[in-house]
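The structure appears right after this line, and notes come after that.
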Amino acid sequence: MGAGPSGLLLAHLLQKAGIDSVVIDNKSREDIERTVKAGIVESPAAEVLVKSGVSDPINLEGMKHDGVEFHFDGRAHRFDFQDLVEKSVYVYPQHEVLKDLIAARVRDGVPPLFEHQADAVLDAETDQPRIVGTTSGGEPFEIVADVVVGADGSGSIARTTVCGSQRDGYFREYPFAWFGVLVEAPSTFDELVYSRSENGFVLISTRDKDVQRMYFQCDPLTDAATVSDEQIWDRLQSGVPSTELLRGPIFRKDVLRFRSFVAHELRKGRVFLMGDAAHTVPPTGAKGMNLAISDVLWLNQALRSFFATGSEELMIAYPENALKRIWKAQHFSFWMTSMMHIAPDATEFDNRRGLGELALLTESRYAQQYFAEAYTGWDYGVDDWN
Ligand code: DHB
């Protein structure tokens, strides 16, 4: 369930092992390929996408970034990932990853069933779980399978079956959000810039040589349509006062809510959760899709073992295996979020402590390596996935 990165990648990997699947999604292919999401792929994730035959390594090479900059307190610090941990990240926007994954399914003759709305997952604790739903044309459908995987995003239908309710999980909200824009302009910086100043957080990211992605911290209740281009440029520019941002038409504005969430259960019988259906991280550090790929590798290993031998051992172990990285990524996303933002009720003590934390991070090579290792991605630790 869900033609997002995790559902499509799992289907692709299972097929390589001769295991048939069908991917359904309530949205249309056009909507999925148009949705704006984060843009950073860690190096272990990039390796999975290339080695499994989804992504073109030459294309990816052109998206490689060997470092990022932090700006705070009138200072700029570059983290040199190659020097610190001999790794890189890739600015490979999620909708491009999705286009490549959907193209792989179409090429293999098993395109996803778009515009199929799942209404419920039934019979989880039998060996024939099933999905019942309705197509966008109003036709009812039912899919009976050996296994159902809920990769159906943060509003997951499958989570109700696995956990008893959609909201059942460990949960944290934040008193701020991101205002995101897409701008038609050349990039101002060669690498991403994360900034913290009196107004809070600013991120200057990119999509390609003609389109830039930028964010600033805002109130979660902000209505994107009411913020003028001038106000947007003022806020973005205040994060990088020493360099004039190259401007151009803003052609998209959106507000991204922040949430940390981990479902209480990731499996019930033959029904599994992965990706945003299983967990959500706040966007700082762009861990969402990278973390989803870890779930995919663990579940792929478990299902391959089950279909090859009939043993359920690795299926039963899936939650425990996947949760190790889930909680590490939860910590990293929470930490980077807390460090770079200014909460509306922050005291002067909080502000100065925060600057102390940034000074510590940028002045100690050990601390820089800690950050660089997490940002570029820990090894997945799953063998024989391909
Ligand atoms: C982007 C998003 C992030 O959350 C991040 O940390 C870096 C880049 C992006 O959308 O480009």
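Start at 1 and go down the list; that is how both ligands and their atoms are numbered.
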Report task. Go through the steps for F179 and Y215 under the test ring pair (Phe, Tyr, Trp, His ring centres under 6.0 Å), then give the verdict. Result -> CA-CA 5 Å; F179 196 99; Y215 304 95; 9.8 Å; no
> Run the side chain to side chain donor-acceptor pair (under 3.5 Å) check on S165 and D168 step by step: do they pass?
Replying inline: CA-CA 5 Å; S165 94; D168 190 64; 4.9 Å; no
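Note: F176 and F258 have perpendicular aromatic rings, judged against thresholds of 30 and 60 degrees for the angle between ring planes.
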Are there any protein N or O atoms under 3.5 Å from the N or O atoms of ligand 1? List them with distances, or say none.
from, atom 1, to, atom 2, distance (Å)
ligand 1, 4 (O), P283, O, 2.5
ligand 1, 6 (O), Y194, OH, 2.6
ligand 1, 6 (O), G285, N, 2.9
ligand 1, 6 (O), A286, N, 3.4
ligand 1, 10 (O), G39, N, 3.4
ligand 1, 10 (O), R207, NH2, 2.8
ligand 1, 10 (O), Y215, OH, 2.5
ligand 1, 11 (O), S205, OG, 2.5
ligand 1, 11 (O), R207, NH1, 2.9

Please report, to 0.1 Å, the donor-acceptor pairs under 3.5 Å made by any side chain of residues 291-300, with sequence neighbours excluded.
from, atom 1, to, atom 2, distance (Å)
D295, OD2, G275, N, 2.8
D295, OD2, H279, NE2, 2.6
N300, OD1, R304, NE, 2.9
N300, ND2, W385, O, 3.0

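Using a distance-only test at 3.5 Å, with no hydrogens or angles considered, a donor-acceptor pair links the side chain of T35 to the main chain of D31.
Between D254 and R213 there is a salt bridge, with a side-chain nitrogen of the basic residue lying less than 4.0 Å from a carboxylate oxygen of the acidic one.
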